[in-house]
Amino acid sequence: MDNEKLQDVSGQTNETPEEVQDQAELRDENQPEVAEKADGDKGSEEQPQEEEKEQPREEVKAKEKPVEESKEKTDEKAEEAPATDSEEEDHDAEEDHEEEEELDFDHASKEELVVKIREIRNEENIRSLDRVLKAIKPRFDELYEISKNEALQKFVSDGNEADAFEYHGDEIDKEFTTLYGQLRARRNKHYKDLESQKESNLKKKEGILEQLREIVDGVESANSINAVRDLQSEWKKTGPVPGAQNKTLWANYNALLDRYYDNRSIYFELKDLDRKKNMKLKEELCERAEALNELEDMKTAIIQLNDLHEEYKHIGPVPKENQEPLWQRFKAASDAIYAKRKEYFEHLKEEFEANLVKKEELIAKVEELSKFNSDRITEWNGKTKELLDVQKQWEAIGGVPREKAKATNKAFWNSFKAFFANKNQFFKELESKREENLQKKHELIAKAEELKDSEEWNSTADKLKHLQAQWKDIGPVPEKVRNETYKKFKTACDHFFNKRREQNQEQFKEFEENLQLKLKICDQLEEAGSGDDVNLDDLYDLIDNYTSIGFVPKNTIKKIRNRFDKVKEVILNNESIHEDDRTDLRNHISMGRLKNTPGGERKLHRKEHSIKRKISSIENDISTWNTNMEFFADSATADKLKAEMQEKIDEAESELEELRSQLAAISAQN
């Protein structure tokens, strides 16, 4: 029988252990159950209890009929009785398995979750939509709690009370919540509508049964067969009903049809016509099933084949002589598709094994990166980029054998998380250091604000420049206060330097006057120091006057310095000036110039101490050398040594005189 052959299809499939294990419990809710024949020879049948109560006279009563008619009826009943298509169950289970393989959100970010939920907004398959929603929500809740806890910790660390904390999420959270709510509402409405539709279908089918029962119990007419066919068509078009009533409905439906055809002689006249029509319909289904073998997409081919099986089992019987050949043709087309499916899964296993090798290589890379440590942000950022590149490679690789998928994912993501845990620890320590830097910069800001109104232009400028150098050496502060902190410091410094600039503009005129005075003194010095009769007192007075004059315009400093150096050379090269006086004069000029440089007093003081230390050292050396000379015995060799030692002493005393002259020049400046 056709229905028996439909059951045989599932027996011909060769499921792998994984396919059998993963079969999902997805069955047609309109799957009928058939009332079984009690005794094929006697022609009696066992009806559902409900029918026995409602129609005790005809539905339960055993009927006697010719052997040929009984045999044909038995064949017809078998053809009409639908069977479970286990191939469809296998396919549905494999589809679920494939989808479950894809629904792994354990390590997805909130952005990825939002992208996924956007993609399924227009999903028409409510079962697929429901599976994604159930898989995606726990991961989102986990990420939401992490964000909330981080926000709470930050809220408390900022000095707030935890009880006052309120968290509303970011834009991504809001978008996800909105989309999830919309999809969940659509899913719930679908299932609610489905249940409502099932109840409606139940009432409709119960009405069909009542109408069919009236025809069966009524008087035969010319339109009876058409009415029955219309009811059969309406029954077929009516959707699924609640599972609890499904078996009884189908049993009563088939029992009533059997009674109808048993009670009416027209049945045998119409049967041949119906079977020929059914044969044409089933031949068309065979052609459509054979055409599926050309499809490349196995998933689509299996879905369409299942639909064809559903149509095949709802079409009535065909002429007996065509029944087996027609079924074998349809089965052969089905077997070809199932064979391709098996080959597809075998190829998929090989691909999964190759993917496993690739992923194990990436796991080794990630494990190595998880041990990375450094104290430099740039190195951490470089390794992060490298890790994210590995993650992209990981995600680009397909699935792996199911029995190893969990361990493989765990190994990869544990090392992945370990890297970022180490990185987070580094940045926590870095943040602590930045807090220390912030405290130091606050201290510099306080000092700068104390100095900003000072009118000691040169010394304060030096101090602020020193503070600016310290500011650069301290290092970064927390990003959220970086601009604000720098702005405070810069404002204090700018306040002082702007005031000094305004002061400098007032002093510019004075600097020009100083330049003219210095040029005039240079002329006087050149005249006074170039003659044969040089008055040293006049020279010293002019030099002191020159050095006592303040600053000149910055762009003329080199000019006046070169002019003074030429005058100095004229004076020091004057042969009428005694050598000792020339030395004293040179030292006086040198010390006077040193005094008038920025920080001149400090430089003179430092120079004075340096000369005194050097004088003390030379005096000690001279004393030591004189003492050593007393121990030399009288000999030619000793006399030579004494002469060399005396030469060193003479050179040291000459240097000592020069140093004392410089020291005197410094004292004169004080």
Side-chain angles (χ1 to χ4, degrees), residues 24-26 29 92 95-158 160-200 239-240 299-300 303 384 387-388 391-392 394-396 398-399 405-406 409-410 412-413 416-417 420-421 423-424 427 479-480:
E25 297 180 357
L26 300 175
E29 293 182 344
D92 289 341
E95 281 189 345
D96 287 350
H97 172 66
E98 291 174 6
E99 291 181 358
E100 289 172 359
E101 285 293 314
E102 297 172 0
L103 299 181
D104 182 5
F105 300 108
D106 291 346
H107 310 287
S109 65
K110 286 197 290 186
E111 290 80 2
E112 292 171 340
L113 296 182
V114 169
V115 170
K116 181 60 180 178
I117 205 168
R118 286 176 188 157
E119 292 175 355
I120 65 170
R121 279 185 297 187
N122 299 320
E123 176 62 51
E124 296 296 332
N125 190 325
I126 299 300
R127 181 180 295 171
S128 299
L129 176 64
D130 183 46
R131 187 179 294 110
V132 175
L133 291 180
K134 289 179 179 178
I136 205 171
K137 188 63 163 61
R139 177 57 178 168
F140 175 80
D141 292 341
E142 177 186 354
L143 295 175
Y144 184 89
E145 285 300 316
I146 291 174
S147 300
K148 180 179 179 182
N149 291 335
E150 289 177 351
L152 175 59
Q153 292 176 6
K154 179 179 179 297
F155 184 81
V156 173
S157 65
D158 288 342
N160 301 304
E161 291 295 330
D163 293 340
F165 175 73
E166 292 183 3
Y167 184 71
H168 302 291
D170 54 19
E171 292 301 321
I172 294 178
D173 296 329
K174 293 177 182 178
E175 182 179 1
F176 181 92
T177 302
T178 300
L179 291 176
Y180 179 83
Q182 293 172 353
L183 294 178
R184 184 178 62 178
R186 181 156 67 91
R187 176 199 62 187
N188 293 342
K189 182 178 183 301
H190 169 80
Y191 285 119
K192 182 178 179 181
D193 292 344
L194 187 61
E195 290 303 316
S196 176
Q197 184 62 44
K198 286 182 180 181
E199 292 295 333
S200 177
K299 184 175 180 181
T300 302
I303 292 174
T384 301
L387 181 63
L388 294 178
Q391 181 189 9
K392 291 179 180 178
W394 176 275
E395 293 172 350
K406 186 174 182 180
N409 285 333
K410 184 177 180 181
F412 180 85
W413 293 111
F416 188 89
K417 292 177 181 178
F420 282 102
K423 182 179 178 181
N424 290 339
F427 277 100
E479 186 69 20
K480 61 183 179 181

Measuring only between side-chain heavy atoms, which start at C-beta, is N160 closer than 4.5 Å to F165? no
Taking only residues two or more places apart in sequence or in another chain, which ones pass side chain to side chain donor-acceptor pair (under 3.5 Å) with D141? K137
Strictly by salt bridge (Lys or Arg N to Asp or Glu O under 4.0 Å), give each pair with a member in residues 144-153 just once, sequence neighbours left out. none
Interatomic distance, OH@Y144 vs CZ@F176, rounded to 0.5 Å, equals 12.0 Å
Salt bridge present between E195 and K192 (N-O < 4.0 angstrom): no
To the nearest 0.5 Å, tell me how far K174 NZ sits from T178 OG1. 9.0 Å
Between L179 and Q182, is the side chain to side chain contact (heavy atoms under 4.5 Å, CB included) condition met? List the steps. CA-CA 5 Å; L179 291 176; Q182 293 172 353; 3.8 Å; yes
Report the residues that fulfil side-chain contact (heavy atoms from CB on, under 4.5 Å) with F420, sequence neighbours left out, ordered by chain and then residue number. T384, L387, L388, F416, K423
Residues at least two apart in sequence or cross-chain that pass salt bridge (Lys or Arg N to Asp or Glu O under 4.0 Å) with K110, listed by chain then number, are D170, D173
Between R186 and R121, is there a donor-acceptor pair closer than 3.5 Å when you use the side chain of the first and the backbone of the second? yes
List for me each residue that meets salt bridge (Lys or Arg N to Asp or Glu O under 4.0 Å) alongside K134, sequence neighbours excluded, and say none if there are none. D130
T300 meets the side chain to side chain donor-acceptor pair (under 3.5 Å) criterion, sequence neighbours left out, with D297
Non-neighbouring partners of E175 that pass salt bridge (Lys or Arg N to Asp or Glu O under 4.0 Å), sequence neighbours left out: R118
Chi angles and distances behind the side chain to side chain contact (heavy atoms under 4.5 Å, CB included) call for N409, W394: CA-CA 10 Å; N409 285 333; W394 176 275; 3.3 Å; yes
Can you measure from CG (L152) to OG (S157) and round to the nearest 0.5 angstrom? 9.5 Å
For E123, the salt bridge (Lys or Arg N to Asp or Glu O under 4.0 Å) test, sequence neighbours excluded, returns none
Within 6.0 angstrom of E166 CD, more than 12 heavy atoms from elsewhere: no
Quick check for you: to the nearest 0.5 Å, what is the distance between L129 atom CG and L133 atom CG? 4.5 Å
Can you list everything that forms a side chain to side chain donor-acceptor pair (under 3.5 Å) with K406? Sequence neighbours excluded, please. none
Nearest 0.5 Å, please: how far is NE2 in H190 from CG in N125? 8.5 Å
Could you work out, with side chain to side chain donor-acceptor pair (under 3.5 Å) as the rule, every residue matching D158, not counting sequence neighbours? K154
Within a radius of less than 6.0 Å around CD of E119, do more than 12 heavy atoms belonging to other residues, nucleotides or ligands occur? yes
From the options L113, V114, I120, select the one residue that forms a side-chain contact (heavy atoms from CB on, under 4.5 Å) with K116. I120
Can you give me the closest heavy-atom contact between Q391 and F412, atom names plus distance? CA-CZ, 4.2 Å
List for me each residue that meets ring-ring contact (aromatic ring centres under 6.0 Å, His included) alongside H107, sequence neighbours excluded, and say none if there are none. W413
Partners meeting ring-ring contact (aromatic ring centres under 6.0 Å, His included) with Y191 (sequence neighbours left out): none
Look at the side chain of S147 and the backbone N and O of L143, then say whether any donor-acceptor pair between them is shorter than 3.5 Å. yes
Are Y167 and F155, when compared by the centres of their aromatic rings, separated by less than 6.0 Å? no
